[in-house]
Each structure stands twice: as C-alpha cells, then as structure tokens.
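Each remark here refers to the structure printed beneath this line.
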Amino acid sequence: MQVTLQVRRFNPEAPRAQPYEQEFTLDVPGYFTVLDTLIKVREEMDPTLTLRCSCRASICGSCAMRVNGHAKLVCKTKLTSVMDAQGKVRVAPVGNMPVVKDLVVDMKPFWDKVRGVDPWLQPQGPEPKDEYLAPNEAMVHLTGVMMCIMCGACVSDCTVLEVDSNFLGPAALAKAYRFVGDPRDGAAKGRLGKLSEYGGIWDCTRCYECVQVCPKGVAPMERIMALRDKAIVAGFDKAIGARHTIAFGEIVGHSGRLDELRLVPKTFGMFNPLHLPNLLGMIPVGLRALRRRKLPPIRHKSIPGVENVRRIFKKVEAGQ
Amino acid sequence: MAVYEHDVLVVGAGLAGMRATLAAHQKGANVAMITKVHPVRSHSNAAQGGINAALTSRGDSWEDHAQATVKGSDYLGDQDAIEVMCQEAGDAIIELEHMGVIFNRDETGHLGTRRFGGQEVARTFFVADITGAAILQVLYEQVLKAQVRVYEEWFVTSLVMADGECRGVVALELMTGQLHLIKAKAVVLCTGGTGRIYEPTTNGLVVTGDGLALAYRVGAPLLDMEMVQYHPTTLKGNGVLITEAARGEGAYLLNAKGERFMEKYAPKLMELASRDVVSRAEQTEINEGRGVDGCVLLDLRHLGKEVIETKLGYINEVAMDFLGINLAEEPIPVRPGHHYQMGGIKTNVLGATSIPGLYAAGECAGVSVHGANRLGANSLLDTLIFGRRSGEAATAHAKEQSPKEVPESVLEADGALIRSFLERKPKGDSWARVRLEMGETMNQYMAVFRNEEGMKAALNKVCELKERYPRLAVQDKGQVFNTNLLFTLELGFMLDIAETICVSGLARKESRGAHYRGDIPRRDDVNWLKHTVVSWTPEGTQMDFAPVTITRWQPQERRY
Ligand SMILES: Cc1cc2nc3c(=O)[nH]c(=O)nc-3n(C[C@H](O)[C@H](O)[C@H](O)COP(=O)(O)OP(=O)(O)OC[C@H]3O[C@@H](n4cnc5c(N)ncnc54)[C@H](O)[C@@H]3O)c2cc1C
Ligand code: SF4
Ligand code: SF4
C-alpha cells in the first residue's frame, strides 16, 4: 500500500535552524508499523533522517514520537491504525523536551525528574541472609509499574508539564509508586512527605492524558492517585491538594453536594497566614462569578435523600 | 581539549556493564561507564524468560545445574568456568533481590521458579516475561545511587594501546560529533552480542558486535565464533522473540499435521530439549514439508487465559501487535531465528583477555560457559557473574598501575577515517545495502544447517562486502547526532566479525551444538573437542585451537 509520512524535521546546524515538514511517499506492506516505515525511509530514501530506535518490540523505550499529534511508541503503531483517508501520517518529536535533531529529543529533563524521586530501594533493618519474603500479589501488582520502559510518551503529553516544568510528572511519580508500594521498602513515609510538596502528587490535574498515551499500560495517573491516598493516610494532609480532597469529601458527605463557598476557605484555611494570599486570590474569581450570576447560593441546602449519601460515606469509611 | 581519566572504564551499560561498574565502585575504583545508548535502552532489556540459579539453601544442587550446562554446551564449555558460574549463581540472585528486583514469588512468599530448556529442574527465576528489563532498571537504580559517571550516547571507536597494554578508548560523542580520548588503567568490554550481522535476528538494532571488533583489532583472540544460536521460537517476518518461557510454562510445538513432532527428536524433554536440538527439529520439519508457510506452530491455548496474562503478558502483547493473534485462542507461527553469540573475546574466569588491562564480560566474552550451545536463562547469569568478576579484577589491576603517557595523536586514525566517510561523494552504494546483503548471506549459509560450500560462499560474499566498505560515503555531513556516520562505523565492526564467524565455521570439521554440518553430521571428540581461536593479523585472519577444560564431566552422547 502507499503511505505518505509527513515528518517534522529539524537540523540544528542549518543556517537559521527552524523546524520544517517533509513528506515521504512510499510503498510498504500492509503490516508495517510507523517505525518500519521510518527505517525504510532512512535506509532507502534519506539517510540523514534521524531517530532513536532499537528493539522493534516495545521494550527498549527508544522510539516515542508524536503521531498525528499524540505520543506513541512507533514500533507498536501499525500504519493502518493511524493513516487518514489520503494515506497520510504525521510524525513529530515528543513534546515537553528540547528537540536535538529531527525526531531525537534531549531526555535530560525526563531523567532529572526520575532522579528526583530517589529511585532506589531503601530497605530498613538488617538484610536477611536469603530473600526478603513478600506476597506474590504485591510483586505482580508492582510488575504493572515495572512495565514502564521510560519512553517519555506520558511526559510528552502531560498537560501540567506543558505549563509548569517543576512538576515531577507522570513517569517519575509512577516510579516513586513502585517503591512506596514495595513491601521491602522502608522509606515510604519520607518519600510520601517529599512527594506531597510543591511539584509533587498534588499538582496533577487528572487530565488522563498519560493513561491514554502510555504504551505499556502503566497508568501513571492512577499511581499518582494511589500515592495521594497513601499520603493522606500517612498523615500528610496539610498540602493544599490534600486539604482540598478532604474538604470535598466532608462537604459532600454532609449535604450530598458540593458547596464551593465553603470549599475554598476549608481548603486554604480561614486564618492560615501561609495560604492567605491564595485565599485572597480567589476573591476576583468570586466577583467574576457574581457578575455572571454563577455564584453558588449563600445558603447551602442539603439534597433530598441526603441520608443515603451519608450512609454510603459511612460504609466506605468503615470499609477502609 | 578536555582530558578524561579513570582507573576503570566500563564500555557498555547492559547487565554485564552495570554489574562490572558497581563491582569496581564497591572496590573503591574511580570507575566510569560509557555507552552508545542510554543504559536502559541496552539490549539486556529484551531478555524475557528468566535467569537460572541453583539455590543450594533450598536443596537445589549447583552441580546439577553445571552438568546440564556442560551437556547443553555439547561439552565445548570450559568446566572450570561453568563451575564458577553455577556455584556463585545463588548469591547473585539473592543480591539482585536485595537490590529490589521484583521476582515472582511462590505461595509462601519465597522466590518462585519456572522450567527452562535443557534442564529437568525448575530453577529459572523470573519477573513475568520482562526479566531482563526488570533487572536492568534495578541495576540502573543502583548506578544512579552510586553516582557513577556515565558517558551517555558516546560511541567507542577504538581501544588505546601503550606498550602492549590497554590504556583507554577513543570515543565519538554523538550530541556534538567530537572525538575524545578517555584514559583508563583498565578497560572492561561489555558491549553485548552481534545480532545485526544476521537478518533477521531477535536482537535490537544497536547490537552490532562492536566490542568483539575493538578487541580483535588490537590483537585479542576470539573464541568459538562459529557457535551462533538460532532460537526455536521467533516470529515470522520481523524475527521478534517469543520466549522459551512459553514452552517452560507448557506450550506445545506442532507441525502442519498437528503432531507434537518433538516426540521424534527428544522423547524425554520434548519441547524443552536444548535449543540447538529444537531448532534443528523445527527446520527439519519445515524442510521436509511438514511446516506451515515456512513455520511451525506454537500452541499455548491449553495454558489458559490467566497464565498467559499474568506470566506471559508481554509476548501476548507482541503476538497481538504484530500478528493480531490472541495466544489464548490461536496457535502462533514461529521458526528458528538468529539469537545469540556463544563465542566471544577469549577470557579467563576473571574476565581477563590476553591483553594486559583489557577485560571482557557478558555476551561479547568467551569465558567459555556456553560452549557450542547456550542454555536458555544462562546468559543473564553469565553477565552478572562475570560482570562482577571482571569489574573486581580490573580494579585490582588498575590499582597496581602507575599513570602512563598516552599521546593525543591516538585520535588521528579515527578522525581520518571519519573524515574520509564524510568527505566522499555518495555513489549509489550505502551502508544499509551492504548490511542487508551481509545479513541475508549469513542467515542463508551460517544458520541452523551448514556445509563447506555454503560457508565458503558466505566468506566470499563477506570479503566482497569488505572491499565495498571503504568506498562508502556518509550522506549526512553534520556533527550533531549523525546516525548515518554511526551506522557506517558499526558496519565496519560487523564485517570484521562476520568474517571471523565464517572462517571459524570452515575450520571446525565436525558437527557440535549449534554448528551442524550436513556434510559432516557427526561430533568428533577425538579430533575436535577443542576451541577455535581466531586472531587478527595484518595478513588476515589466523586460526588457532585451544584445549577445552574438563574437570569432572566426560563427554557423552547427548540425548534429550
Ligand atoms: C530477545 C532476547 C531475549 C533474551 N532472553 C533471555 C533470557 O530470558 N534469559 C537469558 O539468560 N538471556 C536472554 N537473552 C540473552 C541476554 O539478554 C543477552 O545475552 C544479555 O542481556 C547481554 O547482556 P550484555 O550486558 O552482555 O550486553 P547488552 O545488554 O547488549 O549491552 C551492551 C551495551 O554495550 C554498549 N555498547 C555496545 N557497543 C558500544 C560502543 N561501540 N561504544 C559504547 N557502548 C557500546 C551498548 O550501548 C549497551 O549498553 C535474550 C536475548 C534476546 C535478544
Ligand atoms: S493525569 Fe496528571 S500526570 Fe497524567 S498527564 Fe494529566 S496532569 Fe500529567
Ligand atoms: S509510564 Fe508509560 S508512557 Fe510513561 S515513560 Fe513509562 S512506559 Fe512510557
């Protein structure tokens, strides 16, 4: 079949280096992946086309790229699944990392973040002579996270990283979960404390992008949510995000629906000098809401049948 | 110009390289690691099935593991080295577990095992079917913790010699295109296999035999280069691997008639006979017309969805991605495919080569524990045991050396070679075409079945390609991340090694392990229970032979 790859190229050594698009049209077998096609272009049409790849079997993590605007592992992406009606596929380097040349990016920001979560096991107490005992379920559960091949697809498409480079991001946080969730690790409390700080678990907006683009089913966002639960249980409930979550639960548990007017001060604390600027910062939002008649009612009434909601909350809490 | 200097420099960041680096670090060396790809992209990540060890603390016998390895090697493995490896295996597994590898457990929470080929005892430890990746990630965590210097995406182009000793490397920094000199009192080569010499192969695109060629070019001999493993279960088309663990968990091999044909070839171990035996059986079925479209079938259906999903999830993913096959519902077509290099740079059990200051470990080394045929799940073990040993030995060696002057003129030869590729105008031929012709030739003649005529044809072809090589041009003229240049340099390494494979194959006039000659189908212990040793000379390859070390297992006929 015929396919046209539109590749975003960049030659850093060209005079006035600017990214540009180049099209390659070629005939390939129907089972070809995007990577097979890029390699064919590189070997038969244009040897200057530059990309990283090695295993061709979605395990080395080298070949994350944006295909039609979304991060994908190109060795795992069949052409037929991404071609448009004209047989065209757009390929560009991953996002949120500086481009070095063509489809190659500088992964330093990615690895700096991974390094930032102290990514090694920290057992406590004397080392046993033989192996640590651990339930197989715990190991199988962690295998889901260990599947991460550090490809950077999630980091590429993370909506928070796009605006705040301080965020640890999905891959590093999933890696952190791999230790917090490991029964052999003795440093969970310290880890959770650090992760609750600025740039950590509470900065994710739960946009779900990382879960969608991850080629290995690691589901980073779900790991981040699990870390949040563990952080609150471990007593790290003072971070704004944690307070927000707790306040949200309290209000809904009480009246059956959200009361934004109480949520804001409960999150920031009425008299907390640290968060006073945050609290004051919400006033213009309130005023705008008032002008547009979007302000929630001052008197917050419970919904009919609120007893049922309360019963559900009681059950869930008892279940924990 | 910046000068880089270390006690020990480890080339390669796969399992062997990282283990060597950690060992040198623990012994107090100023050690650095240099790698042409980021450490976690190293091809060790592709190892799926597991790693062998006899845990004596739970009653397994390392002697039994050693015996299976000797038999698997068709008696060409050196038994002193095999004893070392099998004896130290248990500690290596426990050490990995303590570092954080999330090995599968049994019901009691202890390490669990599965069965692998060529052995009757289940002693293969594993992490689902991502064992290599799971260990590689954890060793990298330890390297990060140790804060060792890593020259990442630096490509070693040659070894630096001074007064007959290895004293460092010349390397191309991919990001800048600069050539650098890195001085070291000892160098450990851990550069992995030679897969890309063949087409197709289960190996990744970065597996190009660089270390073997680096050592060979400075005079270190290569051992048993004819011993090339074809894995029995690779996917049709792109040659991607389906792990032996599938058969370890109980999968069947079927021919076109639906027969479990291994009954005829290995009635006792069936699908789990050693790899050379299974690959030959499959190829015989295919050649005699009982194949399915050039393949046989691997049937996992009776294992059930749960086992497939929890223990073989990755190959399930691969089968679905590439062939659209759900392993729980349909058998999958497989065939023997190029997989592993048993031979390598000749070393002793400390990883020392014949050149002072030069060490080697992992797939690039020939210790030799694999002999004529490697058992599944013994390679990861080999990387860890001899990685550690060579890191320690290199440190001990470095501590005894005083600094030596190395002139920067050592950069000139590689600089000139690179300039010649860059300055030449392209004339139609390309590195990709030469590589493909080499790969297809090797896969045709240096494969499961060989004979004199075919091996000569392969050697002739490789010599022709070697003549074309120096006339190639690199079309990308840039400095930054010039992969066109990189692949061209790698091709030069591969051609040298392809030649040694053909020459060694022609030299061995018998059939043993992976080296099966249709024209001489018998093993000949009287004349050929010895290693082939090939060395570089200005006049061309030179063949020698070396005795096999036998400690306690005398050669016997091999039956499975
Ligand atoms: C698909 C597959 C599955 C396998 N499954 C198993 C299994 O289940 N069990 C088992 O025991 N074995 C298995 N093996 C074999 C085993 O994985 C390998 O033999 C082993 O991992 C090799 O490790 P290594 O450290 O020697 O080399 P590698 O992991 O290949 O590392 C080589 C390193 O050298 C570096 N390098 C190479 N050349 C240069 C250069 N010129 N300059 C700088 N750096 C360089 C690379 O960047 C890389 O870091 C499998 C192999 C394959 C291909
Ligand atoms: S869910 Fe969170 S971590 Fe994942 S992409 Fe969105 S913001 Fe980033
Ligand atoms: S979590 Fe998924 S997308 Fe992110 S780096 Fe790991 S494998 Fe890639």
Side-chain angles (χ1 to χ4, degrees), chain A residues 11-13 31 33 36 39 42-44 46-48 50-62 75-76 78 100-102 104 106-107 111 114-115 118-121 123 127-136 138-140 142-143 146-150 178-179 182 184-185 216-217, chain B residues 37-38 40-43 45-46 55 57 93-94 97-100 102-112 127-128 130 132-134 137-138 141-142 144-145 175 204-207 237-238 240-241 310 314 317-318 321-322 430-433 436 474-476 478-484 487:
Chain A
N11 174 5
E13 293 166 274
Y31 61 81
T33 62
D36 293 331
I39 290 177
R42 178 169 86 179
E43 296 197 346
E44 295 172 17
D46 184 352
T48 69
T50 306
L51 58 136
R52 289 192 186 100
C53 58
S54 176
C55 74
R56 302 160 294 144
S58 60
I59 195 74
C60 78
S62 308
C75 69
K76 210 176 141 62
K78 281 258 168 69
V100 173
K101 178 174 175 182
D102 290 350
V104 173
D106 182 0
M107 295 274 293
W111 289 108
V114 171
R115 235 177 253 123
D118 300 337
W120 45 82
L121 195 74
E127 212 167 62
K129 194 169 119 322
D130 296 321
E131 70 267 43
Y132 288 98
L133 293 187
N136 193 41
M139 295 291 121
V140 170
L142 288 178
T143 310
M146 259 321 214
M147 282 287 178
C148 172
I149 52 174
M150 302 283 158
R178 170 249 173 291
F179 296 104
D182 193 321
R184 298 168 298 177
D185 193 81
K216 301 302 286 184
Chain B
V37 293
H38 185 281
V40 307
R41 317 283 178 229
S42 301
H43 200 61
N45 59 19
L55 280 194
S57 59
I93 296 291
I94 296 300
E97 199 280 332
H98 288 176
M99 285 178 184
I102 50 161
F103 283 117
N104 175 281
R105 310 280 159 154
D106 62 17
E107 315 74 53
T108 62
H110 292 87
L111 298 178
V127 181
I130 56 161
Q137 298 278 0
V138 169
E141 292 164 11
Q142 297 297 313
L144 287 177
K145 185 177 165 194
M175 281 290 175
L205 272 49
V206 301
V207 187
N238 59 8
V240 168
L241 182 82
T310 58
Y314 170 64
E317 175 187 327
V318 165
D321 285 348
F322 292 118
S430 74
W431 74 267
R433 191 164 316 148
L436 186 66
V474 169
Q475 233 160 300
D476 190 336
Q479 295 276 312
V480 178
F481 224 92
N482 188 339
T483 52
N484 192 183
F487 300 152

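Side-chain atoms are counted along with the backbone in the values below, which use heavy atoms only and exclude waters and symmetry mates. All of these numbers come straight from a predicted model, not from anything done at the bench. Per chain, numbering begins at 1; letters A, B, ... match sequence-line order.
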B:M99, part contacting chain A, at a heavy-atom distance under 4.5 Å: backbone
Quick check for you: to the nearest 0.5 Å, what is the distance between A:D106 atom CG and B:F481 atom CZ? 10.0 Å
With respect to chain A, which residue among B:H110, B:K145, B:Q137, B:Q479 yields the maximal number of heavy-atom pairs within a distance under 4.5 Å? B:K145
Using side-chain heavy atoms (C-beta onward) and a distance below 4.5 Å, is B:I102 in contact with A:R178? yes
Set out, in order, the CA-CA distance, both residues' side-chain angles and the distance that settles side-chain contact (heavy atoms from CB on, under 4.5 Å) for A:N136 and B:N104, then state yes or no. CA-CA 6 Å; A:N136 193 41; B:N104 175 281; 3.6 Å; yes
Report the C-alpha distance between B:L55 and A:D130 in whole Å, list the side-chain angles of each, state the deciding distance to 0.1 Å, and finish with yes or no for side-chain contact (heavy atoms from CB on, under 4.5 Å). CA-CA 10 Å; B:L55 280 194; A:D130 296 321; over 6 Å; no
Chain A contact via B:V127 - which portion, at a heavy-atom distance below 4.5 Å: side chain
Of the non-hydrogen atoms in B:E97 and A:E131, which two are nearest, and what is the gap between them? OE1-CA, 3.6 Å
Specify the closest pair of heavy atoms between A:C53 and B:V206, including all atoms of both residues, with the distance to one decimal. O-CG1, 4.4 Å
Between B:G100 and A:R184, what is the shortest heavy-atom contact and its length? O-NH2, 2.9 Å
What's the shortest heavy-atom distance between B:A46 and A:I59, and which atoms? CA-CG2, 4.0 Å
Is there a donor-acceptor contact under 3.5 Å from the side chain of A:E43 to the main chain of B:A432? no
Name the member of A:P119, A:P135, A:S54 that forms the most heavy-atom pairs with chain B at distances under 4.5 Å. A:S54
May I ask you to test the A:M146-B:V138 pair for a side-chain heavy-atom distance under 4.5 Å? yes
Could you look at B:S42 and say if it's the side chain, the backbone, both or neither that has a heavy atom under 4.5 Å from chain A? neither
Can you classify the ring geometry of B:H38 versus A:W111 as parallel (below 30°), tilted (30 to 60°) or perpendicular (above 60°)? parallel
Side-chain heavy atoms of B:F487 within contact of A:R42, under 4.5 Å: yes
When you measure from the side chain of B:R41 to the backbone N and O of A:G61, does any donor-acceptor pair fall under 3.5 Å? yes
Nearest 0.5 Å, please: how far is OG in A:S62 from CG in B:N45? 8.0 Å
Polar side-chain atom of B:Q142 near backbone of A:W120 as donor-acceptor pair, under 3.5 Å: no
Indicate yes or no: at least one non-hydrogen side-chain atom of A:K216 is less than 4.5 angstrom from one of B:I130. no
Could you look at A:Y31 and say if it's the side chain, the backbone, both or neither that has a heavy atom under 4.5 Å from chain B? neither
Mind listing the closest non-hydrogen atom pair of B:L144 and A:R115 along with its distance? CD2-NE, 3.4 Å
With a 4.5 angstrom heavy-atom cut-off, is it the side chain or the backbone of A:I149 that approaches chain B, or both, or neither? backbone
Closest heavy-atom pair and its distance - A:S58, B:D321: OG-OD2, 4.5 Å
Chain A contact via B:S57 - which portion, at a heavy-atom distance below 4.5 Å: side chain
List the steps and the verdict of side-chain contact (heavy atoms from CB on, under 4.5 Å) for B:D476 and A:K101. CA-CA 12 Å; B:D476 190 336; A:K101 178 174 175 182; 2.8 Å; yes
Hey, which of A:G217, A:P128, A:C148, A:A138 has the most heavy atom pairs under 4.5 Å with chain B? A:P128
Is chain A contacted by the side chain of B:E107, its backbone, both, or neither, given a heavy-atom distance below 4.5 Å? neither
Picking from B:L111, B:V37, B:V40, which has the most non-hydrogen pairs under 4.5 angstrom with chain A? B:L111
Starting at CG of A:L133, measure out to CZ of B:R105 and round the result to the nearest 0.5 Å. 7.5 Å
Heavy-atom side-chain proximity of A:V104 to B:T483 below 4.5 angstrom: no
Which one of A:C55, A:A57, A:P12 has the most heavy-atom pairs closer than 4.5 Å to chain B? A:A57
For A:V100 and B:M175: C-alpha separation, side-chain torsions, deciding distance, then whether side-chain contact (heavy atoms from CB on, under 4.5 Å) applies. CA-CA 8 Å; A:V100 173; B:M175 281 290 175; 3.7 Å; yes
